[in-house]
Amino acid sequence: MVNNLSADVIIIGGSFAGLSAALALARSGRSVAVFDNDDACNKSSEKAYNILTNDGLSPQEIKSKAIKNVMNYKSASFYTKTVSRIAEGDPLSIETVDGATYSSKAALLCTGMADIIPDIPGFADCWGKSIIHCPYCHAYERQARHVSMFGHTEEDIVLAGLLKTWNKDVTLLTNGHPVLAEQHELLQKQQITIKTQSISALCHNDGQLRAVAFDDGTSFEVKDIFVNPAAVQRSSIGESAGCELLENQLIKIDDFHRTTVTGVYAAGDCCTSFRTISIAIASGTKAGIFIHQDLHKMHLKKLLSRK
Ligand SMILES: Cc1cc2nc3c(=O)[nH]c(=O)nc-3n(C[C@H](O)[C@H](O)[C@H](O)COP(=O)(O)OP(=O)(O)OC[C@H]3O[C@@H](n4cnc5c(N)ncnc54)[C@H](O)[C@@H]3O)c2cc1C
């Protein structure tokens with residue numbers, strides 16, 4: 001199937017970063033088409049926090065408002081579709097899973113990251129509801145109650161200590177991993193309880209945690225667990241198009257949000273290790289402005305080459 005749509009810029013991923021870039025581009029008079037398959041990383045969260053003017057709204061409410069903002073501009077369009085391929089060229093060719101093809105002068109990847117959820121029964125059901133990735137987004141609402149930190153790495157141990165900012169009672173759940181003597185001492189000095197048993201399941205009601213069940217038959221009552229999981233690219237289209245990834249799995253970009261493939265840019269979580277909504281929004285704004293400027297430079301080059 002061939003579609004005649006051609007836009008100055010096609011944005012793949014219409015969440016916080018993508019819609020923010022679309023706004024900057026539409027306000028610069030660029031035609032911009034956003035493709036999104038509605039699978040943002042925080043979709044399972046009831047509310048999102050630490051966002052000026054939108055603090056405590058649901059991710060879906062914020063997204064709906066953002067789509068409305070962008071669609072106020074005539075040169076912007078939004079499609080609920082999955083992009084399957086970006087093919088290099090001038091113009092670039094963008095394919096969607098239904099076989100349609102679109103062309104654009106530039107493509108912006110705002111496809112986000114997918115968190116790797118531990119394979120423990122109940123973990124995925126509680127993800128985003130009572131298992132939380134970031135204390136700055138969700139710890140304030142959980143103050144004055146017992147919380148746990150899941151993990152065993154040096155970073156996880158530091159995070160367990162950081163949770164004391166909000167909670168008096170903190171337990172580290174290492175899920176079968178030992179804790180070094182020095183780390184043990186540090187945790188004890190912060191009055192953090194340590195449980196090293198392997199976890200067999202998480203008991204919950206509709207994603208709200210009740211208890212952790214251990215392999216040794218014991219259990220532990222808990223309402224909230226913090227975790228800092230590893231993540232991978234949500235979509236492989238950037239890598240398939242030839243965009244280089246960094247060791248931490250993020251798309252490599254320069255200071256102007258250009259990837260290693262000409263005409264392809266990236267913004268938001270897919271290329272930023274600091275994962276919060278306001279930073280994704282800022283990243284999208286920057287990318288939108290830089291793309292507009294690059295397109296203008298390309299126009300100037302063409303003018304100069306004309307005799
Ligand atoms: C559980 C959880 C809770 C969070 N809570 C908060 C919070 O309270 N406050 C806060 O500031 N931050 C929070 N965050 C972090 C925040 O959600 C992210 O930083 C932010 O969503 C990143 O925005 P993004 O636009 O880069 O990516 P995402 O929001 O992940 O969006 C990526 C978009 O790309 C689309 N997409 C991917 N591939 C394709 C494709 N091939 N074709 C079409 N569309 C595609 C997806 O459907 C998705 O809509 C939370 C994160 C998680 C995991």
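One distance of note links OG1 of T153 with CG of N228; it measures 7.0 Å at 0.5 Å rounding. Note: L187 CG to L172 CG = 6.0 Å, rounded to the nearest 0.5 Å. Going from atom NZ of K47 over to atom NE2 of H138 covers 11.5 Å, rounded to the nearest 0.5 Å. In this structure, SG on C203 lies 11.5 Å from CG on D125, to the nearest 0.5 angstrom. Rounded to the nearest 0.5 Å, atoms OG1 (T193) and CD (Q188) are 9.5 Å apart. In this structure, CD1 on I51 lies 7.0 Å from OG on S278, to the nearest 0.5 angstrom.
None of V147, V212, I132, T171 except one satisfies the side chain to side chain contact (heavy atoms under 4.5 Å, CB included) rule with I225; the exception is V212. Here the options are I120, D215, D216, the test is side chain to side chain contact (heavy atoms under 4.5 Å, CB included), and the partner is S198; only D215 passes.
In this structure, D36 pairs ionically with K63, as a charged nitrogen and a carboxylate oxygen lie closer than 4.0 Å.
At least one donor-acceptor pair closer than 3.5 Å links the side chain of D8 to the backbone N or O of S31. Formation of a donor-acceptor pair under 3.5 Å by the S84 side chain with backbone atoms of E95 is found in this model. The backbone N or O of A266 lies less than 3.5 Å from no partner atom in the side chain of T259, so there is not a single donor-acceptor pair. T260 places a side-chain N or O within donor-acceptor distance of the main-chain N or O of E244, the cut-off being under 3.5 Å. Of the possible donor and acceptor atoms, one in the side chain of Q233 sits under 3.5 Å from a partner among the backbone N and O of C270. For the pair E185 (side chain) and E182 (backbone), a donor-acceptor distance under 3.5 Å is absent. Without hydrogens or angle criteria, K43 side chain to D38 main chain gives a donor-acceptor distance under 3.5 Å. Not one N or O on the side chain of T82 forms a donor-acceptor pair closer than 3.5 Å with the backbone of N37. Judged purely by atom type and a 3.5 angstrom limit, S240 uses its side chain to pair as donor or acceptor with the backbone of S236. A side-chain donor-acceptor contact under 3.5 Å links S104 to the backbone of A106.
Between N42 and I277 there is a side-chain heavy-atom pair separated by less than 4.5 Å. Counting heavy atoms from C-beta on, the side chains of Q191 and K168 never come closer than 4.5 Å. In this structure, I131 and L202 have side chains that are in contact, with non-hydrogen atoms separated by less than 4.5 Å. You'll find the side chain of L186 stays beyond 4.5 Å of the side chain of K189, heavy atoms only. The closest side-chain heavy-atom distance from I12 to I237 is below 4.5 Å. You'll find the side chain of T174 stays beyond 4.5 Å of the side chain of Q183, heavy atoms only. Inter-residue side-chain proximity for I10 and I86 is flagged as unmet; no heavy-atom pair is nearer than 4.5 Å. Between R142 and P135 there is no side-chain heavy-atom pair separated by less than 4.5 Å.
More than 12 non-hydrogen atoms from other residues, nucleotides or ligands lie less than 6.0 angstrom from CG of D254. Within 6.0 Å of CD in Q293 there are more than 12 heavy atoms belonging to other residues, nucleotides or ligands. The environment of CG in L52 is sparse: at most 12 heavy-atom neighbours from other residues, nucleotides or ligands sit within 6.0 Å. Counted within 6.0 Å of NE2 on H296, heavy atoms from surrounding residues, nucleotides or ligands total 12 or fewer; the atom is thus considered open.
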Starting from the C-alpha separation in whole Å, work towards a yes-or-no answer on side chain to side chain contact (heavy atoms under 4.5 Å, CB included) for K297 and K301.
CA-CA 6 Å; K297 283 177 204 156; K301 247 190 201 169; over 6 Å; no
Go through it in stages, so that I can follow the logic: the residues are K223 and H146, the test is side chain to side chain contact (heavy atoms under 4.5 Å, CB included), and I'd like the CA-CA distance, side-chain angles, deciding distance and then a yes or no.
CA-CA 7 Å; K223 283 202 165 129; H146 179 96; over 6 Å; no
For side chain to side chain contact (heavy atoms under 4.5 Å, CB included), just list the numbers for D294 and Y265, CA-CA rounded to whole Å, side-chain angles, deciding distance to a tenth of an Å, and then say yes or no.
CA-CA 11 Å; D294 275 358; Y265 298 73; 2.6 Å; yes
Might you work through the side chain to side chain contact (heavy atoms under 4.5 Å, CB included) test for H152 and T196, ending with a clear yes or no?
CA-CA 9 Å; H152 63 281; T196 54; over 6 Å; no
Identify every side-chain donor-acceptor pair in residues 68-75 under 3.5 Å, counting partners at least two apart or on other chains, and give the distances.
unit_1: Y73; atom_1: OH; unit_2: R27; atom_2: NH1; d: 2.7
unit_1: S75; atom_1: OG; unit_2: R30; atom_2: O; d: 2.8

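A side-chain N or O of S58 and one of E61 form a donor-acceptor pair less than 3.5 Å apart.
Note on ring orientation: taking the six-membered ring where Trp is involved, the planes of F150 and F123 are perpendicular (angle over 60°, cut-offs 30° and 60°).
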